[in-house]
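The structure appears below as structure tokens.
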Number of protein chains: 2
Amino acid sequence: MDAARFTRRVPEGEDRERLVCGECGFIAYENPKVVVGSVVSEEGRILLCRRAIEPRKGFWTLPAGYLELGETVEEGARREAWEEACARLSLDSVLAVYSIARIGQVQVIFRASLAEPGFAAGPESQEVALFTWEEIPWDSIAFPSVRWALHAWRRNLPGVETNPSEDSRGMAGL
Amino acid sequence: MDAARFTRRVPEGEDRERLVCGECGFIAYENPKVVVGSVVSEEGRILLCRRAIEPRKGFWTLPAGYLELGETVEEGARREAWEEACARLSLDSVLAVYSIARIGQVQVIFRASLAEPGFAAGPESQEVALFTWEEIPWDSIAFPSVRWALHAWRRNLPGVETNPSEDSRGMAGL
């Protein structure tokens, strides 16, 4: 794709700017992306992955990543836990739906447990470990929404949580 | 964009086929899209929109549509209700998260009510109306997930619902 051909303009019949190819009129829609992940608990301890890749290399995160085309959110959440933590999950329920409007992300986070014993660092993780609530390395958490999800898990309310009111658009920096 | 330049192959360092430009190597990631919508109830009656556009023109649906880049799911759900039903919504909670893997969709559906009286057909609707449960035109519902969401609303369970077990991947036809 020759990116230089694309300009930002309002196509006929639309109400907002899109990336339009100046040559053929092709509209490259830019869509929000779906991240799927899980708070995996095992006898009260929570599984976290230490990132081996940027952004936030060396910081701790949930097993999570971009949903692929053709997957359900459940399939995606299980695949990410397998890729990042070599863990087979049993998904319980949807814990949270977060919007990170600043970067065009919607995050669907599940409550989960290990379907079979064992986990290990996948290629995108430096290490994978279980933490009690008190042991969680709060100063080294990769993203605000990881903190949100951990606290949502801890509150253990029946419904699904969304962005906290103090950051309703998910605009916080890292 | 000259679509003819793109071929499907596995880029270096990836594990699945992507659309890759044969000229510059640009990878056009194809991502699932997020649909946001609402079951809007008003004194026990539910607001439905009769589609003025394909697919399923003439059939009844929830106010719903694609999330735009830079929006939260809440903002998107409110915008769609405004565009399709000229209705201002008060969102209650997330009712359901559905995956339609066959067409690469994730649907986030809210429980909502009218924030102010009044509604009307927007440009994409032939008509908009409130229905009691018994009045819902079940034979003229546009999509299976509209039926799923209506039944989820009716069950009124505390958690968020996901795909029904008989269609866990959202593979049903229209």
Side-chain angles (χ1 to χ4, degrees), chain A residues 1-3 5-6 13 15-21 23-34 36 66-76 83 91-108 110-111 123 157-163 168-171, chain B residues 1-3 5-6 13 15-21 23-34 36 66-76 83 91-108 110-111 123 157-163 168-171:
Chain A
M1 183 164 102
D2 184 354
R5 292 185 194 170
F6 281 78
D15 63 353
R16 65 189 69 210
E17 287 194 345
R18 306 288 184 189
L19 274 179
V20 184
C21 179
E23 196 154 303
C24 67
F26 178 89
I27 302 172
Y29 284 96
E30 302 161 286
N31 296 295
K33 291 187 177 63
V34 180
V36 285
Y66 288 114
L67 184 67
E68 293 280 353
L69 203 64
E71 283 181 330
T72 65
V73 287
E74 290 85 355
E75 290 166 351
E83 290 178 2
L91 300 180
D92 176 11
S93 58
V94 178
L95 171 66
V97 176
Y98 298 127
S99 300
I100 318 294
R102 179 176 54 89
I103 54 171
Q105 274 188 12
V106 174
Q107 304 185 348
V108 178
F110 287 86
R111 287 185 193 87
L157 298 177
V160 69
E161 300 217 12
T162 52
N163 288 31
S168 64
R169 306 198 75 246
M171 305 308 274
Chain B
M1 178 165 107
D2 184 355
R5 291 186 194 169
F6 282 79
D15 64 352
R16 65 188 69 209
E17 287 194 346
R18 307 289 183 187
L19 274 180
V20 184
C21 179
E23 196 154 303
C24 68
F26 178 89
I27 302 172
Y29 283 96
E30 302 161 285
N31 296 296
K33 291 188 178 63
V34 180
V36 284
Y66 288 114
L67 184 67
E68 292 278 354
L69 203 63
E71 284 181 330
T72 66
V73 287
E74 290 85 354
E75 290 166 351
E83 290 178 2
L91 299 180
D92 177 10
S93 57
V94 178
L95 171 67
V97 176
Y98 298 128
S99 299
I100 317 295
R102 179 176 54 89
I103 54 171
Q105 273 187 13
V106 174
Q107 304 186 348
V108 178
F110 287 87
R111 287 183 191 86
L157 298 177
V160 67
E161 299 217 12
T162 52
N163 289 29
S168 63
R169 307 197 75 245
M171 305 308 275

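Just so it is clear, the structure is predicted and the values come from calculations on it, not from any experiment. Every chain is numbered from 1 and lettered A, B, ... according to where its sequence line falls, protein lines coming before strand lines.
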**OP:** Find the distance between CZ (R102(A)) and CG (L69(B)) and round it off to the nearest 0.5 Å.
**Re:** 12.5 Å
Original post:
Pick from E68(A), K33(A), E71(A): which one has the most heavy-atom pairs with chain B under 4.5 Å?
Top reply: E68(A)
Original post:
If you count heavy-atom pairs under 4.5 Å with chain B, which of G76(A), P158(A), G104(A) comes out on top?
Top reply: P158(A)
Original post:
Applying the side-chain contact (heavy atoms from CB on, under 4.5 Å) test to V160(B), which of V108(A), V97(A), V160(A) qualifies?
Top reply: V160(A)
Original post:
So which part of Q107(A) gets closer than 4.5 Å to some heavy atom of chain B, the side chain, the backbone, both or neither?
Top reply: neither
Original post:
Relative to chain B, which segment of V106(A) carries a heavy atom at a distance below 4.5 Å: side chain, backbone, both, or neither?
Top reply: side chain
Original post:
Are S99(A) and E74(B) side-chain neighbours, meaning at least one heavy-atom pair lies under 4.5 Å?
Top reply: yes
**OP:** Please flag which part of T72(A) lies under 4.5 Å from any non-hydrogen atom of chain B: side chain, backbone, both or neither.
**Re:** both
Subject >> For chain A, the option from S93(B), G70(B), G159(B) that forms the most heavy-atom pairs under 4.5 Å >> reply: G70(B)
Subject >> Closest non-hydrogen atom pair between E75(B) and R169(A), with its separation >> reply: OE2-NE, 2.5 Å
Original post:
Checking heavy atoms, do the side chain of V94(A), its backbone, both or neither come under 4.5 Å from chain B?
Top reply: both
**OP:** Against chain B, work out which of N163(A), L67(A), V34(A) has the most heavy-atom pairs shorter than 4.5 Å and name it.
**Re:** L67(A)
